[in-house]
Amino acid sequence: EMDDFHMIVAESFHPFKDSSNLEPAIKNAAAMAEAAERWSDASLPDNVDNDETKAKLQQLKSATSDFSELVKAGNPQEIGNSLTELHDLFHELQEDWYGAAGDHEEHH
């Protein structure tokens with residue numbers, strides 16, 4: 001579930017980050033919300049089966065759901081800010097998943 005979500009986030013965030021292109025994010029907003037929901041409902045590996053991770057997943061779920069509403073309004077500034085927050089939150093979860101940040105290469 002995390003990898004599914006990661007793919008969608010990467011497809012959405014990088015065009016925005018690299019060239020301020022929000023189209024992919026807008027197109028993927030609903031899929032992102034669905035992926036976050038599936039992820040938050042999935043059973044968690046032991047190392048992240050804790051309240052903190054669950055809270056972050058709930059946060060991600062509501063953030064993606066807000067995001068899919070936000071894209072309908074079409075304000076690029078707000079969409080960009082929200083997308084950046086989502087991306088940061090995802091990276092926090094990813095670090096929790098894989099342990100300390102030093103354990104995996106940043107792939108930017």
Side-chain angles (χ1 to χ4, degrees):
E1 280 82 9
M2 181 175 74
D3 292 336
D4 285 352
F5 187 80
H6 185 214
M7 249 168 51
I8 303 170
V9 166
E11 276 175 17
S12 305
F13 182 71
H14 292 285
F16 164 66
K17 184 171 171 269
D18 300 338
S19 52
S20 302
N21 177 5
L22 282 167
E23 281 306 307
I26 292 169
K27 201 175 82 220
N28 288 332
M32 214 171 352
E34 282 165 27
E37 191 162 344
R38 275 199 309 276
W39 187 14
S40 70
D41 293 340
S43 54
L44 301 175
D46 291 345
N47 64 321
V48 287
D49 193 0
N50 57 48
D51 292 343
E52 189 191 350
T53 303
K54 287 175 184 158
K56 278 185 194 169
L57 279 169
Q58 288 306 316
Q59 203 182 338
L60 190 69
K61 187 165 112 174
S62 63
T64 51
S65 152
D66 292 349
F67 183 71
S68 65
E69 287 302 306
L70 194 66
V71 296
K72 294 174 189 164
N75 177 324
Q77 182 73 44
E78 286 179 13
I79 294 171
N81 291 346
S82 176
L83 183 60
T84 303
E85 282 170 25
L86 277 177
H87 183 259
D88 292 347
L89 183 58
F90 168 73
H91 272 281
E92 280 181 37
L93 275 157
Q94 200 182 30
E95 282 174 20
D96 294 344
W97 229 254
Y98 293 126
D103 291 353
H104 66 285
E105 291 295 304
E106 269 296 326
H107 36 244
H108 278 296

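Residues take their numbers from the sequence shown, with the count starting at 1. Predicted, not measured: the structure shown is a model, and the values here were computed from it. Worth knowing before you read on, the calculation uses all heavy atoms, side chains too, and leaves out hydrogens, waters and symmetry mates.
From H91, atom NE2 reaches atom NE2 of H6 across 5.0 Å, with rounding to the nearest 0.5 Å. Taking CD from E92 and CG from L60, the interatomic distance works out to 10.5 Å, rounded to the nearest 0.5 Å. In this structure, CZ on F13 lies 8.5 Å from CG on D18, to the nearest 0.5 angstrom. Going from atom CG of L93 over to atom CD of Q59 covers 8.5 Å, rounded to the nearest 0.5 Å.
At least one donor-acceptor pair under 3.5 Å links the side chain of S19 to the backbone N or O of P15.
For E1, there are no salt bridge (Lys or Arg N to Asp or Glu O under 4.0 Å) partners at least two apart in sequence or on another chain.
The two residues L83 and S12 come nearest to each other via the heavy atoms CD2-O, 3.7 Å. Between L86 and A63, the closest heavy-atom pair is CD2-CB, 3.5 Å. Closest approach of A33 and S68 over heavy atoms only: CB-OG, 4.3 Å. Nearest heavy atoms, I8 versus A35: CD1-CB, 3.8 Å.
Within the structure, the salt bridge (Lys or Arg N to Asp or Glu O under 4.0 Å) test picks out no pair touching residues 73-87 (sequence neighbours left out).
Between M32 and F90 there is no side-chain heavy-atom pair separated by less than 4.5 Å. Counting heavy atoms from C-beta outward, I26 and I79 have side chains that approach closer than 4.5 Å. Residues F16 and T84 meet the side-chain proximity criterion, which asks for heavy atoms closer than 4.5 Å.
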In residues 39-52, what donor-acceptor pairs under 3.5 Å come from side-chain atoms, sequence neighbours left out?
| residue | atom | partner | partner atom | Å |
| --- | --- | --- | --- | --- |
| S40 | OG | A36 | O | 3.3 |
| S40 | OG | E37 | O | 3.0 |
| N47 | ND2 | W97 | O | 3.0 |
| D49 | OD1 | K54 | NZ | 3.2 |
| N50 | OD1 | E52 | N | 3.2 |
| N50 | OD1 | T53 | N | 2.7 |
| N50 | OD1 | T53 | OG1 | 2.9 |

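Y98 is connected to L89 through a chain of hydrophobic side-chain contacts under 4.5 Å among Ile, Leu, Val, Met, Phe, Trp and Tyr, so both are in one cluster.
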